[in-house]
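Residue numbers count from 1 along this sequence.
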Amino acid sequence: MDFIGKSIIVTGGASGIGKAVATGIVEGGGHAIIVDLNKEAAEAVKEELGKDKVSVYKVNLADSKEIRTVFGQIVKDFDQIHGLINNAGIVSTVPFDEVTQQEWDKVIAINLTGVYTAISTIYPSMKKNGYGRIVNVASVAAKRGGGLLGTSAYAASKAGVIGLTKAVAREGASYGVACNGVCPSLTLTPMTANMGEEKLNRILATIPLARGANPKEIANVILFYVSDLASFVTGEISDVDGGVTMDG
(Lines give C-alpha, C1' and ligand atoms only; values in the text may rest on other atoms or scores of the structure.)
Protein backbone atom coordinates (compact mmCIF):
# COMPACT_ATOMS: atom_id res chain seq x y z
CA MET A 1 0.00 0.00 0.00
CA ASP A 2 1.18 3.46 -0.89
CA PHE A 3 1.83 5.86 1.99
CA ILE A 4 4.37 8.07 0.24
CA GLY A 5 4.18 11.59 1.60
CA LYS A 6 1.79 10.55 4.38
CA SER A 7 2.32 11.17 8.11
CA ILE A 8 0.29 8.74 10.21
CA ILE A 9 -0.07 8.53 13.99
CA VAL A 10 -0.15 5.07 15.61
CA THR A 11 -0.98 4.86 19.31
CA GLY A 12 0.55 1.85 21.02
CA GLY A 13 2.96 1.58 18.12
CA ALA A 14 5.84 0.19 20.15
CA SER A 15 4.65 -3.43 20.13
CA GLY A 16 2.05 -5.93 18.93
CA ILE A 17 -0.52 -4.77 16.39
CA GLY A 18 0.69 -1.16 16.59
CA LYS A 19 4.25 -2.10 15.69
CA ALA A 20 2.99 -4.16 12.74
CA VAL A 21 0.99 -1.12 11.57
CA ALA A 22 3.96 1.23 11.94
CA THR A 23 6.08 -1.24 9.96
CA GLY A 24 3.49 -1.32 7.16
CA ILE A 25 3.37 2.47 7.00
CA VAL A 26 7.15 2.70 6.66
CA GLU A 27 7.25 -0.13 4.11
CA GLY A 28 4.68 1.84 2.09
CA GLY A 29 6.92 4.91 2.06
CA GLY A 30 5.14 6.82 4.81
CA HIS A 31 6.22 8.38 8.09
CA ALA A 32 5.00 6.61 11.24
CA ILE A 33 4.39 8.75 14.31
CA ILE A 34 4.47 6.34 17.25
CA VAL A 35 2.67 7.51 20.37
CA ASP A 36 3.27 5.17 23.30
CA LEU A 37 3.67 5.18 27.06
CA ASN A 38 6.79 3.01 26.68
CA LYS A 39 9.11 5.49 25.00
CA GLU A 40 12.12 3.19 25.27
CA ALA A 41 10.36 0.44 23.28
CA ALA A 42 9.11 3.02 20.78
CA GLU A 43 12.65 4.31 20.28
CA ALA A 44 13.79 0.73 19.61
CA VAL A 45 11.17 0.47 16.85
CA LYS A 46 12.44 3.76 15.46
CA GLU A 47 15.97 2.36 15.35
CA GLU A 48 14.69 -0.77 13.64
CA LEU A 49 12.57 0.95 10.98
CA GLY A 50 14.78 3.99 10.35
CA LYS A 51 15.30 7.21 12.29
CA ASP A 52 14.13 9.37 9.40
CA LYS A 53 10.97 7.29 8.90
CA VAL A 54 9.62 7.25 12.44
CA SER A 55 8.93 9.87 15.11
CA VAL A 56 8.25 9.03 18.75
CA TYR A 57 6.12 10.79 21.36
CA LYS A 58 5.41 9.63 24.90
CA VAL A 59 1.87 9.96 26.23
CA ASN A 60 -0.28 8.53 28.99
CA LEU A 61 -3.61 7.78 27.31
CA ALA A 62 -5.38 7.84 30.68
CA ASP A 63 -4.60 11.56 30.95
CA SER A 64 -6.78 13.68 28.64
CA LYS A 65 -4.83 16.86 29.35
CA GLU A 66 -1.56 15.17 28.41
CA ILE A 67 -3.12 13.73 25.23
CA ARG A 68 -4.24 17.20 24.13
CA THR A 69 -0.80 18.66 24.86
CA VAL A 70 1.16 15.95 23.05
CA PHE A 71 -1.20 15.58 20.08
CA GLY A 72 -1.39 19.36 19.77
CA GLN A 73 2.41 19.39 19.53
CA ILE A 74 2.31 16.69 16.83
CA VAL A 75 -0.05 18.86 14.75
CA LYS A 76 2.45 21.73 15.09
CA ASP A 77 5.44 19.52 14.24
CA PHE A 78 4.03 18.18 10.95
CA ASP A 79 2.69 19.99 7.91
CA GLN A 80 -0.28 17.62 7.80
CA ILE A 81 -1.50 14.58 9.69
CA HIS A 82 -3.00 12.22 7.11
CA GLY A 83 -3.98 9.35 9.38
CA LEU A 84 -4.68 8.48 13.00
CA ILE A 85 -4.79 4.88 14.21
CA ASN A 86 -6.13 4.47 17.73
CA ASN A 87 -4.68 1.10 18.61
CA ALA A 88 -3.50 1.43 22.23
CA GLY A 89 -5.67 0.00 24.99
CA ILE A 90 -5.86 -2.20 28.04
CA VAL A 91 -7.82 -5.37 28.71
CA SER A 92 -10.02 -6.06 31.74
CA THR A 93 -10.93 -9.67 32.59
CA VAL A 94 -12.67 -9.08 35.94
CA PRO A 95 -16.13 -10.69 36.30
CA PHE A 96 -18.91 -8.09 36.34
CA ASP A 97 -19.77 -8.50 40.02
CA GLU A 98 -16.11 -7.88 40.89
CA VAL A 99 -15.62 -4.77 38.72
CA THR A 100 -14.76 -1.88 41.02
CA GLN A 101 -15.46 1.75 40.17
CA GLN A 102 -11.70 2.23 39.89
CA GLU A 103 -11.38 -0.63 37.37
CA TRP A 104 -14.32 0.68 35.33
CA ASP A 105 -13.01 4.26 35.29
CA LYS A 106 -9.50 3.17 34.28
CA VAL A 107 -10.68 1.01 31.36
CA ILE A 108 -13.12 3.63 30.05
CA ALA A 109 -10.51 6.39 30.45
CA ILE A 110 -7.90 4.64 28.31
CA ASN A 111 -9.99 2.65 25.83
CA LEU A 112 -12.77 5.14 25.11
CA THR A 113 -12.06 8.61 26.50
CA GLY A 114 -8.45 8.40 25.27
CA VAL A 115 -9.68 7.58 21.75
CA TYR A 116 -12.19 10.45 21.83
CA THR A 117 -9.54 12.90 23.06
CA ALA A 118 -7.00 11.85 20.42
CA ILE A 119 -9.55 12.20 17.62
CA SER A 120 -10.93 15.50 18.84
CA THR A 121 -7.43 17.00 19.02
CA ILE A 122 -6.48 15.90 15.49
CA TYR A 123 -9.90 16.28 13.81
CA PRO A 124 -9.84 20.10 13.31
CA SER A 125 -6.56 19.84 11.39
CA MET A 126 -7.92 17.05 9.17
CA LYS A 127 -11.12 19.01 8.57
CA LYS A 128 -9.12 22.10 7.63
CA ASN A 129 -7.01 20.10 5.17
CA GLY A 130 -10.03 18.33 3.72
CA TYR A 131 -8.45 14.93 4.27
CA GLY A 132 -8.14 12.40 7.08
CA ARG A 133 -8.17 8.67 7.66
CA ILE A 134 -9.02 7.55 11.20
CA VAL A 135 -9.00 3.88 12.21
CA ASN A 136 -10.11 2.78 15.67
CA VAL A 137 -9.25 -0.66 17.02
CA ALA A 138 -12.29 -2.01 18.87
CA SER A 139 -12.75 -5.71 19.66
CA VAL A 140 -14.90 -8.76 19.06
CA ALA A 141 -15.79 -8.28 22.76
CA ALA A 142 -17.78 -5.17 21.81
CA LYS A 143 -20.17 -7.27 19.73
CA ARG A 144 -20.28 -10.35 21.95
CA GLY A 145 -20.39 -8.65 25.34
CA GLY A 146 -16.98 -10.04 26.23
CA GLY A 147 -16.49 -13.76 26.53
CA LEU A 148 -13.07 -14.24 24.94
CA LEU A 149 -10.48 -12.11 26.73
CA GLY A 150 -12.18 -8.95 27.97
CA THR A 151 -15.28 -8.88 30.14
CA SER A 152 -17.87 -6.18 30.94
CA ALA A 153 -15.74 -3.04 31.36
CA TYR A 154 -13.62 -3.91 28.34
CA ALA A 155 -16.64 -4.84 26.19
CA ALA A 156 -18.42 -1.60 27.12
CA SER A 157 -15.37 0.52 26.34
CA LYS A 158 -14.92 -1.08 22.93
CA ALA A 159 -18.65 -0.88 22.13
CA GLY A 160 -18.30 2.83 22.84
CA VAL A 161 -15.44 2.98 20.35
CA ILE A 162 -17.71 1.48 17.67
CA GLY A 163 -20.41 4.09 18.32
CA LEU A 164 -17.84 6.88 18.29
CA THR A 165 -16.37 5.55 15.03
CA LYS A 166 -19.73 5.72 13.27
CA ALA A 167 -20.51 9.19 14.64
CA VAL A 168 -17.17 10.63 13.51
CA ALA A 169 -17.61 8.95 10.10
CA ARG A 170 -21.05 10.51 9.70
CA GLU A 171 -19.95 14.02 10.68
CA GLY A 172 -16.55 13.91 9.01
CA ALA A 173 -17.68 12.60 5.60
CA SER A 174 -18.45 15.99 4.07
CA TYR A 175 -14.99 17.24 5.09
CA GLY A 176 -13.03 14.35 3.57
CA VAL A 177 -12.46 12.69 6.94
CA ALA A 178 -13.16 8.95 6.97
CA CYS A 179 -13.40 6.88 10.15
CA ASN A 180 -13.50 3.09 10.29
CA GLY A 181 -13.10 0.42 12.95
CA VAL A 182 -11.49 -2.99 13.23
CA CYS A 183 -12.57 -5.71 15.67
CA PRO A 184 -9.85 -8.31 16.31
CA SER A 185 -10.26 -11.48 18.34
CA LEU A 186 -7.31 -13.24 19.98
CA THR A 187 -4.08 -11.77 18.63
CA LEU A 188 -0.67 -13.15 19.55
CA THR A 189 0.88 -10.10 21.18
CA PRO A 190 2.80 -9.46 24.41
CA MET A 191 -0.54 -8.53 26.04
CA THR A 192 -1.92 -12.05 25.47
CA ALA A 193 1.31 -14.04 25.82
CA ASN A 194 0.95 -15.13 29.44
CA MET A 195 -2.69 -16.17 29.74
CA GLY A 196 -1.98 -19.86 30.36
CA GLU A 197 -2.64 -22.92 28.22
CA GLU A 198 -6.09 -23.73 29.64
CA LYS A 199 -7.50 -20.27 28.96
CA LEU A 200 -5.83 -20.16 25.55
CA ASN A 201 -7.42 -23.45 24.54
CA ARG A 202 -10.84 -22.25 25.74
CA ILE A 203 -10.56 -19.18 23.54
CA LEU A 204 -9.26 -21.12 20.53
CA ALA A 205 -12.27 -23.43 20.77
CA THR A 206 -14.53 -20.45 19.97
CA ILE A 207 -12.57 -19.41 16.86
CA PRO A 208 -13.53 -21.28 13.65
CA LEU A 209 -10.02 -20.85 12.23
CA ALA A 210 -8.77 -22.44 15.49
CA ARG A 211 -5.81 -20.12 16.03
CA GLY A 212 -4.86 -16.65 17.15
CA ALA A 213 -4.00 -13.93 14.68
CA ASN A 214 -0.52 -12.76 13.86
CA PRO A 215 -0.38 -8.98 14.54
CA LYS A 216 0.35 -8.41 10.85
CA GLU A 217 -2.98 -10.02 9.92
CA ILE A 218 -4.84 -7.39 11.94
CA ALA A 219 -2.50 -4.65 10.71
CA ASN A 220 -3.26 -5.48 7.07
CA VAL A 221 -6.91 -4.46 7.50
CA ILE A 222 -6.00 -1.35 9.49
CA LEU A 223 -3.53 -0.33 6.78
CA PHE A 224 -6.19 -0.80 4.12
CA TYR A 225 -8.53 1.59 5.92
CA VAL A 226 -5.85 4.23 6.43
CA SER A 227 -4.83 4.01 2.77
CA ASP A 228 -6.50 5.53 -0.27
CA LEU A 229 -7.56 2.03 -1.37
CA ALA A 230 -10.46 2.57 1.05
CA SER A 231 -11.42 5.92 -0.50
CA PHE A 232 -15.14 5.05 -0.64
CA VAL A 233 -15.39 3.42 2.78
CA THR A 234 -16.36 5.14 6.03
CA GLY A 235 -18.27 4.11 9.13
CA GLU A 236 -17.43 0.46 8.52
CA ILE A 237 -16.63 -1.92 11.38
CA SER A 238 -14.65 -4.93 10.17
CA ASP A 239 -14.38 -8.18 12.08
CA VAL A 240 -10.87 -9.60 11.82
CA ASP A 241 -11.56 -12.44 14.19
CA GLY A 242 -11.04 -15.80 12.50
CA GLY A 243 -14.78 -16.25 11.98
CA VAL A 244 -16.00 -15.65 15.54
CA THR A 245 -18.68 -13.08 14.70
CA MET A 246 -19.83 -13.76 11.12
CA ASP A 247 -22.44 -11.01 11.23
CA GLY A 248 -24.32 -9.70 8.21
- request: With rounding to the nearest 0.5 Å, note down the distance linking OG1 in T100 to NZ in K106.
  value: 8.0 Å
statement: Nearest heavy-atom contact between S157 and V107 is OG-CG1, 3.8 Å
- prompt: How about E171: does its CD atom have over 12 heavy atoms from other parts shown lying under 6.0 Å from it?
  reply: no
- request: Using atom types as modelled and distance alone, determine if a side-chain donor or acceptor of E236 lies under 3.5 Å from a backbone N or O of N180.
  value: no
- prompt: Does F3 have its ring centroid less than 6.0 Å away from the ring centroid of H82?
  reply: no
field: side chain to side chain contact (heavy atoms under 4.5 Å, CB included) between T11 and I85, worked out
entry: CA-CA 6 Å; T11 71; I85 296 156; over 6 Å; no
- prompt: Between N87 and V21, is a side chain to side chain contact (heavy atoms under 4.5 Å, CB included) present by the stated rule, with each step listed?
  reply: CA-CA 9 Å; N87 163 73; V21 171; 6.0 Å; no
- prompt: In Å, rounded to the nearest 0.5 Å, how long is the span from OH of Y175 to CG of N129?
  reply: 14.5 Å
message: When you compare the side chains of R170 and T234, does any donor N or O come within less than 3.5 Å of an acceptor on the partner?
response: no
query: Cut-off 3.5 Å, side chains only: do Y123 and K128 have a donor facing an acceptor?
result: no
message: Within the 3.5 Å criterion, strictly below it, is a donor on S185 or D241 matched to an acceptor on the partner's side chain?
response: no
query: Mind checking whether Y116 and I119 sit in one hydrophobic cluster, side chains of I, L, V, M, F, W, Y counted as touching below 4.5 Å?
result: yes
- prompt: OG of S92 to NZ of K158: how many Å apart, nearest 0.5 Å?
  reply: 12.0 Å
message: Both conditions, 6.0 Å and 45 degrees, for the charged tip of R68 above the ring of F71: are they met here?
response: no
query: Does atom CG of D79 have more than 12 heavy-atom neighbours, drawn from other residues, nucleotides or ligands, at distances under 6.0 Å?
result: no
query: Among the clusters formed by ILVMFWY side chains lying less than 4.5 Å apart, do I33 and V56 turn up in the same one?
result: no
field: Side chains of Y225 and S238, donor plus acceptor under 3.5 Å
entry: yes
- request: Verify side chain to side chain contact (heavy atoms under 4.5 Å, CB included) between D228 and K6, making sure each step is shown before the conclusion.
  value: CA-CA 11 Å; D228 287 331; K6 303 283 179 67; 3.1 Å; yes
query: At what distance, to the nearest 0.5 angstrom, does CD of E103 lie from OG1 of T93?
result: 7.5 Å
Co-membership, hydrophobic cluster, residues I74 and V115, 4.5 Å side-chain: yes
Side-chain polar contacts of residues 160-169 - donor-acceptor pairs under 3.5 angstrom, sequence neighbours left out - could you list them?
{"residue": "T165", "atom": "OG1", "partner": "N136", "partner atom": "ND2", "Å": "2.9"}
{"residue": "T165", "atom": "OG1", "partner": "V161", "partner atom": "O", "Å": "2.7"}

message: Tell me whether I218 shares a hydrophobic cluster with V135, the cluster being built from Ile, Leu, Val, Met, Phe, Trp, Tyr side chains joined at under 4.5 Å.
response: yes
Under 3.5 Å side-chain donor-acceptor pair for S7 and Q80: no
- prompt: Between atom OG1 of T23 and atom CG of L223, what is the distance when rounded to the nearest 0.5 Å?
  reply: 9.0 Å
D36-Y57 side chain donor-acceptor pair, cut-off 3.5 Å: no
query: Given the rule in the side chain to side chain contact (heavy atoms under 4.5 Å, CB included) test, do L186 and L200 qualify, once you have shown the distances and angles that lead to the verdict?
result: CA-CA 9 Å; L186 175 67; L200 176 62; 3.6 Å; yes
query: Are L229 and I8 connected, step by step, through hydrophobic side chains (Ile, Leu, Val, Met, Phe, Trp, Tyr) whose heavy atoms are closer than 4.5 Å?
result: yes
field: Side-chain donor/acceptor of E217 to backbone N/O of N214, under 3.5 Å
entry: yes
query: Would you call K58-E43 a salt bridge at under 4.0 Å N-O?
result: no
- prompt: Would you call R144 and D239 a salt bridge, using N to O less than 4.0 angstrom?
  reply: no
message: Rounded at 0.5 Å granularity, tell me how far CD1 in I134 sits from CD1 in I81.
response: 11.5 Å
